Amino acid sequence: MATFSQSIIEKGSEMVQDFLCSTCEEEELKESADYYCESCVKFYCRKCIHMHSQLFKKHCPHGRSDMKKWPVAKKVEDFLLKCDVHKEENLVMFCEDHSQLCCNNCAFLNHRQCKTVMLLSDLVKITSTDLNQVSVTIQTTLAELKKIQNIQEANIQSVRISYYEQLHKIQETRHKILAALDMLEKKTLQEMKDTLTKLQAPLKSDVDKCSTLQDELKQLGDAIQDISDKSKQELSLLACIKSKDKIQQFENYQKKNFGQVKSSITFQFNSGLVQYLSKLSGLGEIKHNAQSLTAVGNADQIIRIDVKPEYDVGLPGDEPCIIADICVLPSGQVIVVDSKNKKVKLLNQQYQVVSHCSVSDKPLSICQITPSEVGVTVGAEVQFIKVNNNQLVKDRKLKFQHSCYSISFQKGDLFLTSGTVLYMYSLDGKLVSKLHEDYSERWTVARCALSPTGDKLYVINSPQHKLLTLARDGSVLATFMDPELKWPICVHVTHAGQVLVCGLASNTILQIDSKDSRKLATLATTRDGIQEPHSVCYNSNTDSIIVGQRNNRKILVYKVK
């Protein structure tokens, strides 16, 4: 039986086999085998096969190019023969009632009452096997499993992103409540201050009145003491009359204020406010929104467009715009990059510019990172920009050693094109791999877009008028060329997986088959108002296609029928 080296790698259902040289193994050396001799029933490395050929000239060893004639590895044999439940037992039977393979223990414990339990040695005599068909089915199933895995990984990422987004909203809600409480406190303090002023005014008036009467009576008392022994009859009369008048004023004042009570200010707490807050279960309601991450509808359903409103996205002082790329956020807001004016512009749902920010170089491409954050390629950088209260706010940057023309993002992976290379990075800017490169001309790797499940990438080769379809590992699956596509400048994939590409020189927007890259439809030409289309994007919120143009302040919005 063939021996199996320790370098066997098991990952999921894959088994990478590496046989050891039998002669070297006897010397306790681990050398990979390159030949197998059926006559010797042994494996040989390149060194040992030379000696073997000299000793056994009539033997015909088989090299790695003829591994079909090599024996089944013991590791593979054990993998197939061993029972999944009773690991040390071999499978010897098959229960047709349950369609299950059984070892002796399984048969005794679980299948004693079954009607049809056959020995594998008998079953193999009456059963034909088509391993090629099984292999094809396995590969198809693996591909489907990978799609499901990709979808669920994207779901995990989406849940994580939405968690932090909503966490920020909760914090904002708390700040709003605190701001409202601050305002209530301010109003209450002002009311208490007004009450203080209102109560103090008459009391102060009384104090002033008492002070005035005290001063006047004291003066009269002093004057009487001064004239009491000087026989001044006239002065004495005046003193008596004035004194009686002041005393009468006091008695009148005393009668008027006799029933006064002590004044004070009290604060009566609004207990209903706290009672209301204490009854709440939280600052708001946490909901689980389930939104399909797979393609909604048929990826190859032909899009048909209708009327074409135009919207001016220029700003005062702008030169004619070049709308190089477009991104639609889940909120319905649209962000466009205007490379001519070095600006990123935020549009509301009526396609009006509500905010903009300037960048250091021409912005060329944009993609959504989170529901409220986008990445924009600017020179050799990716500028991250957030949407906060309908305003664009520049955030962190990632710098690279190459120019950044196109950007796409999916499941934590960042895809960038340099004009000749398609790179895959992590979101923190670490290089994962080079997926595709073509140095024959500039712009051979101009733009890229991903399918909704991430299993395909679409790459624009502008000078050769091509659209390439790549597998996730970068291998070329298909190439699309058509007389109606001249100098392709942008490729966009809808949420349903429909592939749209626009030709700058041909003034066209085409829909391409997502599988075998054939033309499905010509969506728009110069007859539909297209003039040097530079970007295209499907707005699922309004079922419309947005087209950005070269040297034009207006975007076109086609309604999908």
Side-chain angles (χ1 to χ4, degrees), residues 1-44 61-62 64 66-153 155-156 294 453 455:
M1 185 64 67
T3 56
F4 211 65
S5 80
Q6 297 298 316
S7 63
I8 294 171
I9 303 171
E10 292 188 359
K11 184 177 180 182
S13 63
E14 297 179 1
M15 291 192 293
V16 180
Q17 306 169 15
D18 193 4
F19 295 89
L20 293 178
C21 173
S22 304
T23 305
C24 291
E25 194 173 20
E26 290 174 0
E27 300 295 329
E28 297 185 353
L29 299 174
K30 294 180 180 178
E31 192 69 34
S32 179
D34 296 291
Y35 296 90
Y36 171 70
C37 179
E38 286 183 294
S39 301
C40 299
V41 196
K42 286 188 176 183
F43 293 88
Y44 298 97
H62 304 292
R64 284 188 172 268
D66 197 15
M67 288 189 72
K68 290 183 179 180
K69 296 182 179 179
W70 288 29
V72 177
K74 186 176 186 303
K75 187 79 174 184
V76 176
E77 216 171 63
D78 286 345
F79 171 73
L80 294 173
L81 283 176
K82 294 300 181 183
C83 177
D84 291 338
V85 179
H86 307 97
K87 304 296 184 182
E88 301 303 318
E89 296 289 326
N90 284 347
L91 297 168
V92 293
M93 303 178 196
F94 179 75
C95 174
E96 288 190 0
D97 295 5
H98 295 92
S99 296
Q100 287 183 356
L101 292 165
C102 318
C103 66
N104 286 322
N105 287 344
C106 290
F108 178 76
L109 294 172
N110 303 318
H111 301 279
R112 283 181 296 174
Q113 305 299 323
C114 298
K115 295 181 179 180
T116 310
V117 179
M118 298 182 64
L119 290 171
L120 292 179
S121 56
D122 294 333
L123 183 63
V124 73
K125 296 176 183 178
I126 59 173
T127 306
S128 61
T129 55
D130 185 351
L131 291 181
N132 288 332
Q133 183 58 45
V134 172
S135 179
V136 170
T137 305
I138 286 175
Q139 295 306 313
T140 303
T141 305
L142 286 173
E144 293 300 319
L145 281 171
K146 185 62 178 175
K147 286 182 181 180
I148 294 173
Q149 181 182 354
N150 290 341
I151 291 169
Q152 295 307 86
E153 286 175 352
N155 203 3
I156 290 171
T294 57
T453 54
D455 58 335

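Every heavy atom of this structure was used, including side-chain atoms; hydrogens, water molecules and symmetry mates were not. In this text, all values refer to a predicted model and were calculated from it rather than measured experimentally.
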Measure the spacing between [atom1] of [X] and [atom2] of [Y] and express it to the nearest 0.5 Å.
| X | Y | atom1 | atom2 | result |
| --- | --- | --- | --- | --- |
| Leu91 | Asp84 | CG | CG | 7.0 Å |
| Phe94 | Thr116 | CZ | OG1 | 10.0 Å |
| Gln149 | Glu144 | CD | CD | 13.0 Å |
| Gln100 | Cys83 | CD | SG | 9.5 Å |
| Phe108 | Cys102 | CZ | SG | 14.0 Å |
| Cys114 | Glu96 | SG | CD | 11.0 Å |

Within the 4.5 Å heavy-atom criterion, are [X] and [Y] side-chain neighbours or not?
| X | Y | result |
| --- | --- | --- |
| His86 | Cys106 | yes |
| Thr141 | Thr137 | yes |
| Leu120 | Leu101 | yes |
| Thr129 | Val134 | no |
| Leu81 | Asn90 | yes |
| Thr453 | Lys146 | no |
| Tyr36 | Pro71 | yes |
| Phe19 | Met67 | yes |

* **Residues Lys125, Asp122; criterion side-chain contact (heavy atoms from CB on, under 4.5 Å); working and verdict** => CA-CA 5 Å; Lys125 296 176 183 178; Asp122 294 333; 4.2 Å; yes
Nearest heavy-atom neighbours spanning [X] and [Y]:
| X | Y | value |
| --- | --- | --- |
| Asn105 | Glu89 | ND2-CG, 3.7 Å |
| Glu77 | Val72 | N-CG1, 4.1 Å |
| Lys87 | Lys82 | O-CD, 3.4 Å |
| Trp70 | His62 | NE1-O, 2.9 Å |
| Val117 | Met93 | CG1-SD, 3.8 Å |

* When the aromatic ring centroids of Tyr44 and Tyr35 are compared, is their separation below 6.0 Å? ->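 Ring-ring flag for Tyr44/Tyr35: false, centres at least 6.0 Å apart.
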* Residues Glu26 and Lys42 bridged, charged N to O under 4.0 Å -> yes
* Note: Asp97-Lys115 ion pair, threshold 4.0 Å (strictly below) -> no
* Give a yes or no on this: more than 12 heavy atoms of other residues, nucleotides or ligands lie within 6.0 Å of atom CG of Asp130. => yes
* Side-chain (Ser32) to main-chain (Leu20) donor-acceptor, under 3.5 angstrom -> no
